[in-house]
Amino acid sequence: MLSGGGAASRIQTGRIAERFARVMSRYNFRETETKWQRVWRERRLFEVSAKPGMPKYYMLEMFPYPSGKLHVGHVRNYTMGDLIARYRRAQGFNVLHPMGWDAFGLPAENAAMAENVHPVVWTHQNIATMRAQLERMGFAYDWSREIATCHPEYYRHQQKMFLDFLAAGLAYRRESWVNWDPVEHTVLANEQVVDGCGWRSGAIVEKRLLAQWALRITAFTEELLDALRGLDRWPERVRLMQEKWIGRSEGARVFFDVAGRDERIEVFTTRQDTLFGASFVALSPNHPLAQRLAGSDPELADFIAECNRMGTSEAVIETAEKRGYKTGLEAVHPVDPNRRVPVYVANFVLMEYGAGAVFGCPAHDQRDLEFARKYQLPVIPVVLPPDASPAHFTIGETAYTEDGTLFNSEFLDGLSVADAKRAAGERLEAIGRGERTIAYRLRDWGVSRQRYWGCPIPVVYCPVCGVVPVPEAELPVELPIDVGFDTPGNPLAHHPSWKHVECPRCRGPAERETDTLDTFFDSSWYFLRFCSARDARAFAGEAAAYWMPVDQYIGGVEHAILHLLYSRFFTRALSQCGYLDLDEPFAGLFTQGMVCHQTYRSASGDWLFPDEVERDPDGRLIGPDGRPVIAGRHEKMSKSKKNVVGLDTIVDTYGADTARLYLLSDSPPERDLEWTETGIEGIWRYVNRVWRLVSEPPVALPPPGTAVAGELPPEVVGLRRAIHRTIAAVSDDLEKFRFNRAVARIRELTNSVEELPQHAFGTSTGAPAVLREALETLARLLGPMMPHLAEEMWQALGGAGLLVEQPWPVADSQLARDEQVTIAVQINGKLRATLECPRDSASGAVESAALRLPQVARWLDGRPPRKVIVVPNRIVSIVA
RNA sequence: GCGGACGUGGCGAAAAGGUAGACGCAGCAGACUUAAAAUCUGCUCCGGGCAACCGGGUGCGGGUUCGAAUCCCGCCGUCCGCACCA
């Protein structure tokens, strides 16, 4: 066994040494990259300030959680942002491109418990590591604006915001449900609940009601929904997801009296038209009436307790088996007092939505139908499909949810669904049994967290004065450092002295709030702080007015709803509190895909890092123990499955530019990217080819600025056309976030330069000048993608100043124009020939030329075509 | 369960409704080399044919159109989100 391990590590060392030798003999990225990073830093090129006369561009990538090390998923995001930032800068914009750390959060506390390291230390070490990694990548950040949300100078401002929200009625206290681990006596995050059990204790998780702080995001519901339409530079799918999340539905509140009791059940429904198909009413287990009934019905109390032995996540609730408990009560139909339906308590009814109670119409709702079948409740169809006969229409296993004509419904008979909704609503209103209303899925945002590593909520509880805000002069309420993590639960609550304070109002003994704020609170305004990161205020008004909104925001689609919705709300809430005058923080949004990698398991079933897997001489995969490896599926990179690629190894081996170009070139940015070792080697070969073209050009280059003069051979004219077409196409691709295509076009131009035959230079004095134009163009176009290599190319070409300070090239449309076009000729939709024509030839001429082609004549076989369609410069379509 | 997306060669992909597979990766053959690496050249969607060429082909089944990867309808599969992970 020992020797096996030794052999494996010898292979590994051998491979790295071999790679290293290969690398050192060529383009020296090590020296080049550190050199240019130093130059940019020393000249403070990326430190910017507001310049009112100059057009601004705010480029922002979602700031990272400092989890330890940067992975290629982060780097893909930041590479795209840097590309745009450098491109806009070259176009003459004053570009703000900041970076910071979303530094509060659960993993720091987990590390504290697992590795016995304080969250402060762990976080700061991780930030230092990750900052160094970002610097090595050569990203053009304004580091003078770096922020970390765990810094008191950052969170003091959000404590002030919280107090302002409180004063404005946008923050309030309410009871809400949490996941409770009965063994550890700790509140669990949804992520910490695995199959209904606590991740550490394994105990079955319970729901508990806790008094917590919430933000009134619902005060802005309509605005947040309506303004989505104006976000025309957001992906359609993200706007759709937010729209669905807000979940506006028009319907009605309907009141059911409980037979024989002085009790009324209010339900919300979007299907008031199906009122005559009702066969039950169902209450949420946490509905007040259900709670009251449970007091005298132990069986119901058990059922409710069982419903509460389940996490709070909607996915869990919705996928659980639908179950109900028959209370024995009967609800009186609101329109027809002679009808009665049974009242159930059901586990699928959410207290948070609508009225916490529903009526069930099994014929026209699938979930109600399944419930009705399970508890043998009647299924009464009331909407008749267009071609069905009322006498024979029945419901089987599928509810009918489409439009149709109402029947079995008294005064609604004969109406369409839409008309019946209106008529039913009117009748309910007229008899005082309900009213039409709009319900939203969106709930207020609970921001209290029973955790240490977050921003303290600046309030004090006084037995005399009640809830008292901490006076502004006493902010920030700083997190104490001397805490222990041995006792489960919130260390702040266990701290011997921290929470004991004087009441700011009456000076009597009082207690601090020991909950901290949700970390989404931290990230809901960081983009504003970046506008003036060292200001004594949260942000300077003028700076925010100049820089905001963010022109281009880039991040993972996993933030499509929560972070983006909260930030949109925050911007409005802050505007309402007088901080600024803005509704939408992000004018442009792009959501990039994940980075994936194949997974590997050893013979004993343990996950293996890709680095630990080698190929033996027969090409089989073997692990560090010398035994065969099982190659698994390609998945999103995650620490738990070890399918991560360390950034440092990549940058050490190939350099930052190669990594950057690979991340841009391989897949469209919005799609997932498969990380492959061979792919990055291909980029490395390309880097060397480009560098060779510049360092050893095929002919001596004329001095910079030499005009292209004289007659050019056709190949050189073609190269010149390629140069200008590439400039135009790459610019267009960058505008549309088609980075992989932009890279492909630059590679095509590189191929064109390499393919230029030597003799093309011999006959013309202008040809070397065109070669120079091509190489300079390559450097300029590659600049935002591979800034170090491009800067080195620019210097080797003798360009003036730094490449970063050069303007973006502009295509000459005359030079880009090709006078010949290839036209496809189709017969009955199949390609049969092609035709070379001068550009913009008359359709008649193209048509007759196409009909004269021998291939066409053969297919027509002497018959005249029935129809000919000519699309200029593209295609001739012949119908035979 | 609900909501959102995606599906094209061996692989990543490209294609204003107009020549499907640009640009790469991998593979094969060749050049250089004592040899290897590096580099360079050529080939590579599938089937048939010596070839010119012919037939088929963008998850599956239909439809619209002179023409569909692209638009419409229905299925299948995969991925993401679901409010305390960030």
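Reminder, nothing fancy here: chain letters follow the sequence lines and each chain counts from 1.
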Separation of B:G18 atom P from A:Asn873 atom CG, nearest Å, is 14 Å

In the structure I gave you, are the side-chain heavy atoms of A:Gln192 and A:Asn179 within less than 4.5 Å of one another anywhere?
no

So what does A:Asn751 touch, heavy atoms closer than 4.0 Å: a base, only the sugar-phosphate, or nothing?
sugar-phosphate

salt_bridge(A:Glu314, A:Arg441) N-O dist < 4.0 Å:
yes

So, OP1 or OP2 of B:G7: does either fall under 4.0 Å of a side-chain N or O from A:Arg671?
yes

Check every strand shown and say whether A:Lys322 touches a base, only sugar-phosphate, or nothing at a heavy-atom separation below 4.0 Å.
nothing

Base, sugar-phosphate alone, or nothing: which one does A:Leu106 contact when heavy atoms must sit under 4.0 Å apart?
sugar-phosphate

Rounded to the nearest Å, what distance is computed from the CG atom of residue A:Asp732 to the P atom of nucleotide B:A22?
21 Å

Classify the side chain of A:Glu681 versus the base of B:C25 as yes if they form a donor-acceptor pair under 3.5 Å and no if they do not.
no

Picking from B:A16, B:C66, B:G4, which would you name as closest to the side chain of A:Val879?
B:C66

Counting any heavy atom closer than 4.0 Å, what does A:Phe348 reach on the DNA or RNA strands: base, sugar-phosphate only, or nothing?
nothing

Choosing from B:A86, B:U19, B:G4, which nucleotide comes nearest the side chain of A:Arg237?
B:G4

When you measure only distances, ignoring hydrogens and angles, does the side chain of A:Ser877 come within 3.5 Å of the base of B:C66 through a donor and an acceptor?
yes

Heavy atoms only, 4.0 Å cut-off, all strands: where does A:Thr676 land among base, sugar-phosphate and nothing?
nothing

d(CD, A:Glu191; P, B:G81) in whole Å
11 Å

Using a 4.0 Å heavy-atom cut-off, does A:Ser448 contact any base of the nucleic acid, only the sugar-phosphate backbone, or nothing at all?
base

A:Pro107, nearest nucleotide to its side chain (from B:C85, B:A20, B:C84):
B:C85

Touch class at under 4.0 angstrom, heavy-atom based, for A:Pro668 against every strand present:
sugar-phosphate

Pair A:Arg271 + A:Asp365, salt bridge at N-O below 4.0 Å
no

A:Trp213 and A:Glu513: CA distance, side-chain angles, deciding distance, side-chain hydrogen bond (donor to acceptor under 3.5 Å, both in side chains) verdict
CA-CA 10 Å; A:Trp213 290 99; A:Glu513 167 69 83; 2.8 Å; yes

Between A:Ser313 and B:C82, is there a side-chain N or O to OP1/OP2 distance below 4.0 Å?
no

Between A:Arg685 and B:G24, is there a side-chain N or O to OP1/OP2 distance below 4.0 Å?
no

Can you measure A:Trp245 atom CH2 to B:G3 atom P for me and round it to whole angstrom units?
14 Å

Nucleotide nearest A:Asn190 when distance is taken to its side chain, options B:A86, B:C85, B:G18
B:C85

Heavy atoms under 4.0 Å, any strand shown: does A:Trp859 hit a base, just sugar-phosphate, or nothing?
sugar-phosphate

Comparing A:Gly105 and A:Leu673 on RNA chain B - which has the more 5′ nearest nucleotide:
A:Leu673

Expressed as a whole number of Å, how far does the C1' atom of B:A29 sit from that of B:G63?
47 Å

Is A:Glu754 side chain donor-acceptor paired with the B:C40 base, going by distance under 3.5 Å alone?
no

Evaluate the criterion side chain to side chain contact (heavy atoms under 4.5 Å, CB included) for residue pair A:Val690 and A:Val687; output intermediate values, then yes/no.
CA-CA 5 Å; A:Val690 176; A:Val687 164; over 6 Å; no

Side chains of A:Arg858 and A:Arg832 in contact at under 4.5 Å (non-hydrogen atoms)
no

With a 4.0 Å cut-off on heavy atoms, is A:Thr319 in touch with a base, just the backbone sugar-phosphate, or nothing at all?
base

Take the protein atom CH2 of A:Trp180 and the nucleotide atom P of B:C84, then report the distance between them rounded to whole Å.
17 Å

Measure CG/A:Asn110 against C1'/B:A86 and give the value in whole Å, please.
12 Å

At 4.0 Å (heavy atoms only), tell me whether A:Ile746 reaches a base, stays on the sugar-phosphate, or touches nothing.
nothing

What does A:Glu352 touch in the nucleic acid at a heavy-atom separation under 4.0 angstrom: a base, only the sugar-phosphate, or nothing?
nothing

Glycosidic conformation of B:G9, syn or anti, with 90° from 0 as the boundary?
syn

For A:Cys837 and A:Val846, which heavy atoms make the closest approach, and how far apart are they?
SG-CG2, 4.2 Å

Indicate, with a heavy-atom threshold strictly under 4.0 Å, whether A:Val871 touches base, sugar-phosphate, or nothing.
base

From B:U19, B:C85, B:A83, pick the nucleotide closest to the side chain of A:Leu442?
B:A83

Stems involving RNA chain B, each a run of at least 3 consecutive Watson-Crick or G-U pairs under 3.5 Å
B:1-7 with B:76-82, B:10-12 with B:23-25, B:27-31 with B:39-43, B:45-48 with B:53-56, B:59-63 with B:71-75

Would you check if the side chain of A:Arg451 reaches a backbone N or O of A:Gly105 as a donor-acceptor pair within less than 3.5 Å?
no

Contact class for A:Gln826 (heavy atom, under 4.0 Å): base, sugar-phosphate, or nothing?
base

Expressed in angstrom and rounded to an integer, what is the separation of A:Arg832 atom CZ from B:C53 atom P?
11 Å

Need one value for A:His559: base, sugar-phosphate or nothing, where a base atom within 4.0 Å counts as base even if backbone is also close, heavy atoms only.
base

Check whether A:Asp444 reaches the backbone of A:Thr218 with its side chain - one donor and one acceptor, N or O, closer than 3.5 Å.
yes

Nearest-angstrom distance from the residue atom CG of A:Leu562 to C1' of B:A83:
5 Å

Kindly state whether the ring of A:Phe521 and the ring of A:Phe570 have centres lying under 6.0 angstrom apart.
yes

Looking at A:Asp195, I want to see if its CG is surrounded by more than 12 non-hydrogen atoms of other residues, nucleotides or ligands under 6.0 Å.
no

What distance, rounded to whole Å, do you find between the two P atoms, one in B:G56 and one in B:G67?
15 Å

Report yes or no: is there a donor-acceptor pair, N or O only, under 3.5 Å between the side chain of A:Arg866 and the base of B:C66?
no

Between A:Ala824 and A:Lys244, which has a closest nucleotide on RNA chain B that is more 5'?
A:Lys244

